[in-house]
Every structure is written in structure tokens, then in C-alpha cells.
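Okay, so here's the structure we're looking at.
Heavy-atom basis, side chains included; hydrogens, waters and symmetry copies ignored.
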Amino acid sequence: MRTERERLHRLVLAAVREDDVCRRWRTVPGVGPVMALTFCSAVDDPTRFSRSRAVGAHCGLTPRRYQSGETDRVGTTRGDSVIAWTPTLTLQRAKQR
């Protein structure tokens, strides 16, 4: 089990080293290879988003809102939960350092 984990870890590190965007993400304090690779694989091609706010919604960081007359409900977020939690865990890790 340990050797498989080490092999996968080396593959992640190699993938991050080869990708320019992942390497730039690694310069942000608290962002490790897994966070960089997760975000890069989720966003993939940033030109498909019309504005930066759309990236947050795609990642599940924007809550759904329903407004009608006097009704105002804020619902759950949509999107990939792994991507939504990764920045939170990264910030927590950065605060601990």
C-alpha cells in the first residue's frame, strides 16, 4: 500500500512539474501539488468561462439563490464538492503555518 501511494505521489509531482499553470499555482502560499492539479483539472480551459465569477459557480463556491416577491432563499451550492473543499482546506493549512 505504501509503495502504491509513493508511486502515485511521484506521478502527481511529475504532472505538476510539466504543467505551467500548476507550477504557477504552487507559488501561492499553502497550495500544494494536489490542490494545483485539482484546480487545473477542474477548470481545464479557462476561456470557456465568460467571467471569473463563473469559475466560482463551476467549482461549487457560489450558493444558489431564489428570489420572488418577498421570498428570498439561499440554497445549497452546486458543482464538484472536492473542488469546493480544496481551497478551504488549503486556507486552513496556510493559517496553521
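Applying the salt bridge (charged side-chain N to carboxylate O under 4.0 Å, His left out) definition to pairs two or more places apart or across chains, none involves residues 31-51. Sorted by first and then second residue, the ring-ring contact (aromatic ring centres under 6.0 Å, His included) pairs involving residues 3-24 (not counting sequence neighbours) form an empty list.
What you find for Leu37 and Val12 is that their closest heavy atoms are CD2-CG1, 4.0 Å.
When hydrophobic side chains of Ile, Leu, Val, Met, Phe, Trp and Tyr are connected at separations under 4.5 Å, Leu11 ends up clustered with Leu8.
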Could you go through residues 21-31 and list every donor-acceptor pair under 3.5 Å that involves a side-chain atom there, pairing it with any protein atom two or more places apart or in another chain?
from  : atom 1 : to    : atom 2 : distance (Å)
Arg23 : NH1    : Arg17 : O      : 2.5
Arg23 : NH2    : Asp20 : OD1    : 2.4
Arg26 : NE     : Val31 : O      : 3.3
Thr27 : OG1    : Arg24 : O      : 2.5

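The closest side-chain heavy-atom distance from Phe39 to Val55 is below 4.5 Å.
Listed by chain and number, the residues in a side chain to side chain donor-acceptor pair (under 3.5 Å) with Arg7 are Glu4 (sequence neighbours excluded). Shown here are the salt bridge (Lys or Arg N to Asp or Glu O under 4.0 Å) partners of Glu6, two or more places apart in sequence or in another chain: there are none.
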